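These values consider heavy atoms only, across backbone and side chains, with no hydrogens, waters or symmetry-generated copies. Computed from a predicted structure; not experimentally measured.
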Amino acid sequence: MIGLYYNSIDPLMGMVPGIKAFVAAVVGGIGSVPGAAVGGFLIGLLETGVQAVGLSAYKDAAVYLVLIIMLVVLPAGLFGKRQREKV
């Protein structure tokens, strides 16, 4: 649909939205559909807040920073379950 609108097609057209969807799934918890929805909502609020402050050039960087922080602090996500791995 975007390719029809802009009258051009590029192989990397959906890369940024795909990465942001992955970040939303990680924030919410992998395997949790409600968690992914909440994660997407939080990512949207974050992007809007960063743009409202006047730092629209850094909205993608803010999303990736949240991904790094979430993986360090809460690797299972907001709604993910922490499981022990038996070796």
Side-chain angles (χ1 to χ4, degrees):
M1 297 294 285
I2 294 174
L4 291 173
Y5 182 75
Y6 289 115
N7 202 16
S8 68
I9 296 176
D10 183 24
L12 302 176
M13 286 178 84
M15 192 163 158
V16 174
I19 291 174
K20 288 183 183 178
F22 173 71
V23 172
V26 168
V27 167
I30 297 290
S32 173
V33 176
V38 169
F41 186 71
L42 292 176
I43 294 297
L45 286 176
L46 173 73
E47 282 187 344
T48 305
V50 168
Q51 286 180 346
V53 172
L55 300 171
S56 22
Y58 297 109
K59 68 177 185 167
D60 293 333
V63 172
Y64 302 138
L65 183 67
V66 166
L67 172 66
I68 292 169
I69 291 171
M70 280 299 293
L71 287 175
V72 169
V73 174
L74 232 106
L78 294 175
F79 294 121
K81 295 177 183 167
R82 182 168 286 214
Q83 297 176 354
R84 288 193 177 179
E85 184 177 332
K86 295 182 180 180
V87 181

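Listed by first and then second residue, the salt bridge (Lys or Arg N to Asp or Glu O under 4.0 Å) pairs that reach into residues 68-78 come to none, sequence neighbours excluded. Identified under the salt bridge (Lys or Arg N to Asp or Glu O under 4.0 Å) test for residues 61-79, with sequence neighbours left out: none. The salt bridge (Lys or Arg N to Asp or Glu O under 4.0 Å) pairs that include a residue from residues 3-13 number zero, where partners must be two or more places apart or lie in different chains.
To the nearest 0.5 angstrom, I19 atom CD1 is 10.0 Å from L67 atom CG.
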Pairs under 3.5 angstrom only: tabulate donor-acceptor contacts from the side chains of residues 44-61 to other protein residues two or more places apart or in another chain.
| residue | atom | partner | partner atom | Å |
| --- | --- | --- | --- | --- |
| E47 | OE2 | K20 | NZ | 2.5 |
| T48 | OG1 | G44 | O | 2.8 |
| D60 | OD1 | K20 | NZ | 2.7 |

Return a table of donor-acceptor pairs under 3.5 angstrom between the side chains of residues 22-35 and protein atoms on other chains or two or more places apart.
| residue | atom | partner | partner atom | Å |
| --- | --- | --- | --- | --- |
| S32 | OG | G35 | N | 3.1 |

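In terms of hydrophobic clustering, with Ile, Leu, Val, Met, Phe, Trp and Tyr side chains grouped at heavy-atom distances under 4.5 Å, V38 and V73 are assigned to a common cluster. Cluster annotation: L12 and L4 are assigned to distinct hydrophobic clusters (Ile/Leu/Val/Met/Phe/Trp/Tyr, side-chain heavy-atom contacts under 4.5 Å, transitive).
For F41, the CZ atom is loosely surrounded, since the number of other residues' heavy atoms within 6.0 Å does not exceed 12.
Residues L42 and L78 meet the side-chain proximity criterion, which asks for heavy atoms closer than 4.5 Å.
Under the rule for a side chain to side chain contact (heavy atoms under 4.5 Å, CB included), the partners of L74 that lie at least two apart in sequence or sit in another chain are M70. For Y6, the side chain to side chain contact (heavy atoms under 4.5 Å, CB included) criterion is met by I2, S8, not counting sequence neighbours.
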